[in-house]
Amino acid sequence: METRGGRRSTEGEGAPERGGAWARWRGRAWARWRGLLSRGQLAVGRSASVAGALAVLSAAWVFYQVFDAGLGESGNVPNFIIITLNALSLAGLFFLAASGLTLIFGLMRVVNMAHGSLYLLGGYIAWSLTSSLGVNWWVAVIVATLAAGVFGLAMEELFLRWNLGQDLRQALITIALSVILADQMLNVFGGTAQQVSPPDLLAGPVGLGIYDLSYPAFRLFVVGVALAVGIALWFWIQRTRFGMVVRAGIDDGAMTSALGVNVRAVFAVAFFVGSCLAGLGGAFGGTVLSLAPGQDQVFLVSSIVVVIIGGMGSLAGAAIGALLLAFVEQYSAVYLPSGFGPYSMVVTFVLVAAVLALKPTGLFGRPA
Amino acid sequence: MNESIVRLRNLSKSFAGVDAVQAVEMEVTPGERRAVLGPNGAGKTTLFNLIAGAERPTAGAIELFGRDVTNLPAWQRARLGLARTFQTSRVLPGLSVEDNLYVAALGADGGHLRFVANRRDARLRSRARGAAERVGLADRLRSSARDLSHGEQRQLELGIAMVAEPRLLLLDEPAAGLSRAERQLLTQLLLSLDRDVTVMLIEHDMDVALTIAERVTIMHYGRVVLEGTPAEIRADQRVHDIYLGRTYAV
């Protein structure tokens, strides 16, 4: 490295301004990098290089696939735009489901393994209200959201409340509940896939204004709602008095309780809100995708992956995690070299492994 | 009408066969400054936890302000006018100094489950700032509690306990880890407390404890061994024996 660096700097003298600056920058970058490696952070340095190289390679590959055939109508760009929008709307769904999970975990250290069941329950309630009872879609979504919230709250009050702080018990209890709920939903709602029909207002496609493309309005709506929910949650936790009490409870439950705050009631409210978000996610997921037995587990795993990537308990982490997961899933399904399509799931877990190798607590996580 | 502030009757607590507190009888009168002393493991902190409601007794009863609170949870006892500090500094690290004090004021005042702020909030805010001033943290209102020094965290803890305007204040080793100057400051602060507040204090620093306290309770192996004025305590041979590690038959 020494000799190469030296040669650069002599070149730099020949071509004054730019070469010199480049050599200096490069010298500093190398010094910093070597410092990083020597300060006992070799493992992190290595993982960072591998993860960085992977990310750059994947981006380059997608870029090549997209722009190889030019920017014309017959090229791959229109398709790319649609896939990107699909990824965005999927990220919205992931965020709706995962934000509830991360909220509950951040506060109560409960990994709610029945979160996916609440998602599916919310979806099914919205579906049965709209399809068999003819209820307005908006009303159905509100009812489904609240119903999932009430159900989650009952779960917390009946089973989790008196097991606070016992991680394994709580995980086992919620797994048991998810199995029971899955069977009961199969019994009540049947085994065929169902879909909630979107409200008339959002049922049609919207023109995008480029390449004559149009896109389902409802999917764009999902992105907007996820954004709104994210901002509302952030405001609630960071800017309101109730959110302040929630943060105090996260910091030190016993002490907050000694101050005269009914921490259990605060936890119950948080659990209710987290469960509501799962139900809301289910109602939207049932409209965009479909509702079927097994979707509960699909969304539970996706939510857990999102939360692991973003960091347990972090709202911003859930947003970034949802985006990363959705984009990796969508792009790898389409842009993996032909024949490798079925391996797109593997790419998802490469993502998880890379993030964990870099930051074991997730991107925005704090050590517990 | 001299109703006692704290009355403990036959109070016991055992953890998996270890009797941390055994058949304690105690009465603290309004406005009293009471020190609870004893060697490590004497059950002083457990006694405080029982009074504050952080732990449930195995047997016996606790009365606060003339009311049986044995079955009340910690937060409801706090509402009655009890505030406490902990042996190791416990502040809310993720919140600013002002918000720490504000949450404490909120907890004592009730209504923390309301979603919307109302007129009372401004009053609570100013109470929080007033408490910060009293404990000497007025210039650190915006700092995150995480960034405070150990001494400052102790000051904040005291502020948190005082902002609630409690009738009973339980202080668990408030002087631990403080410098000499900080100890003097603390002693001054505690001496300047209003007589409306009853103070119970666990302290290993005898100077601080015997300066503040009017009555002293000595605990050993979970039992109350002796109770008296600081002068009586200083003179009693048994206290010296306990602190020198000589076995003492109860």
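Proteins come first, then strands; the chains are lettered A, B, ... in the order of their sequence lines, and each starts at number 1.
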* **chain A contact via B:A104 - side chain, backbone, both or neither, heavy atoms under 4.5 Å** => both
* Structure fact -> Which of B:R84, B:K44, B:K13 passes side chain to side chain donor-acceptor pair (under 3.5 Å) with B:N49? It is B:R84
* Measure B:R90 against the heavy atoms of chain A and call it side chain, backbone, both or neither at under 4.5 Å. => both
* With side chains defined as the heavy atoms from C-beta onward, is the minimum distance between B:L82 and B:P166 less than 4.5 Å? -> no
* Hey, could you give me the CZ/CG distance between A:F364 and A:L315, rounded to the nearest 0.5 Å? => 11.0 Å
* To do: Return the option, out of B:V103, B:N100, B:I160, B:L95, with the maximum number of heavy-atom pairs under 4.5 Å with chain A.
  => B:L95
* Mutual orientation of the aromatic rings belonging to A:W138 and A:F221 [parallel < 30°, tilted 30-60°, perpendicular > 60°] -> perpendicular
* Pick from B:A164, B:A54, B:P93, B:A52 with the largest number of heavy-atom pairs that fall under 4.5 Å of chain A -> B:P93
* Proximal component of B:V163, with respect to chain A [non-hydrogen, under 4.5 Å] -> neither
* Asked: Where does the angle between the aromatic ring planes of A:W236 and A:F242 fall among parallel (under 30°), tilted (30 to 60°) and perpendicular (over 60°)?
  -> parallel
